[in-house]
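Below is one structure, written out as structure tokens, with a few remarks after it.
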Amino acid sequence: MWPKTKKEAFTRFFVSTLFSILFGPALVVAVRSWWPTLFDSAKDVASLYGSDPALGFLFIAAPLMVAAGLPAWWVLGATVRWFDKRRDKDIGELARDAAAVVKDVRGGL
């Protein structure tokens, strides 16, 4: 879902970046504890090419940190679209719509 306005694009980009900063390091730690040989191999490959081994760590960590922000982009976009479709409704109607969505999701599980 692409943003409709520049304001929405800026907001989604900012929130995604914030989520990457907040949750990216936790994801890197989780992946490193789950698959430590991946990071060791990346360091070895960087050393083979004459680079600093820390660069090999960065080759793995950077994409993980970016990936940590992607759900924020999608969730925020879906939320904006959901509110946009219900622009003329009051808070009670929004609550009923939200309850119906939750009921549908629970029924599908």
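The structure presented is a predicted model; accordingly, all values stated were derived computationally and were not measured.
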Just to verify, what does T5 make a side chain to side chain donor-acceptor pair (under 3.5 Å) with, not counting sequence neighbours?
none
Classify the ring geometry between F23 and F19 as parallel (under 30°), tilted (30 to 60°) or perpendicular (over 60°).
tilted
Non-hydrogen side-chain atoms of V28 and F39 separated by less than 4.5 Å:
yes
Work out which heavy atom in L27 is nearest to a heavy atom in L64; give both atom names and the distance.
CD2-O, 3.2 Å
Minimal non-hydrogen separation, D88 against E93, with atom names
O-OE1, 4.4 Å
Residue pairs fulfilling side-chain hydrogen bond (donor to acceptor under 3.5 Å, both in side chains) with at least one residue in residues 28-40, sequence neighbours excluded
W35-T37
Hydrophobic side-chain clustering at under 4.5 Å (ILVMFWY, transitive links): who's grouped with I21? Put none if nobody.
none
In terms of hydrophobic clustering (I, L, V, M, F, W, Y; side-chain heavy atoms under 4.5 Å; direct or indirect links), are M65 and L22 co-clustered?
no
Across all chains, not counting sequence neighbours, the side chain to side chain donor-acceptor pair (under 3.5 Å) partners of D97 are R86, K89
Contacts of type side-chain contact (heavy atoms from CB on, under 4.5 Å), residue S20, not counting sequence neighbours
none
Donor-acceptor contacts, no H, no angles, side chain residues 45-59, under 3.5 Å, sequence neighbours left out:
from : atom 1 : to  : atom 2 : distance (Å)
S47  : OG     : K43 : O      : 3.1

Counterpart residues, side-chain contact (heavy atoms from CB on, under 4.5 Å), relative to A42 (two or more places apart):
I60
Return the CD to CZ distance between E8 and F13, rounded to the nearest 0.5 Å.
14.5 Å
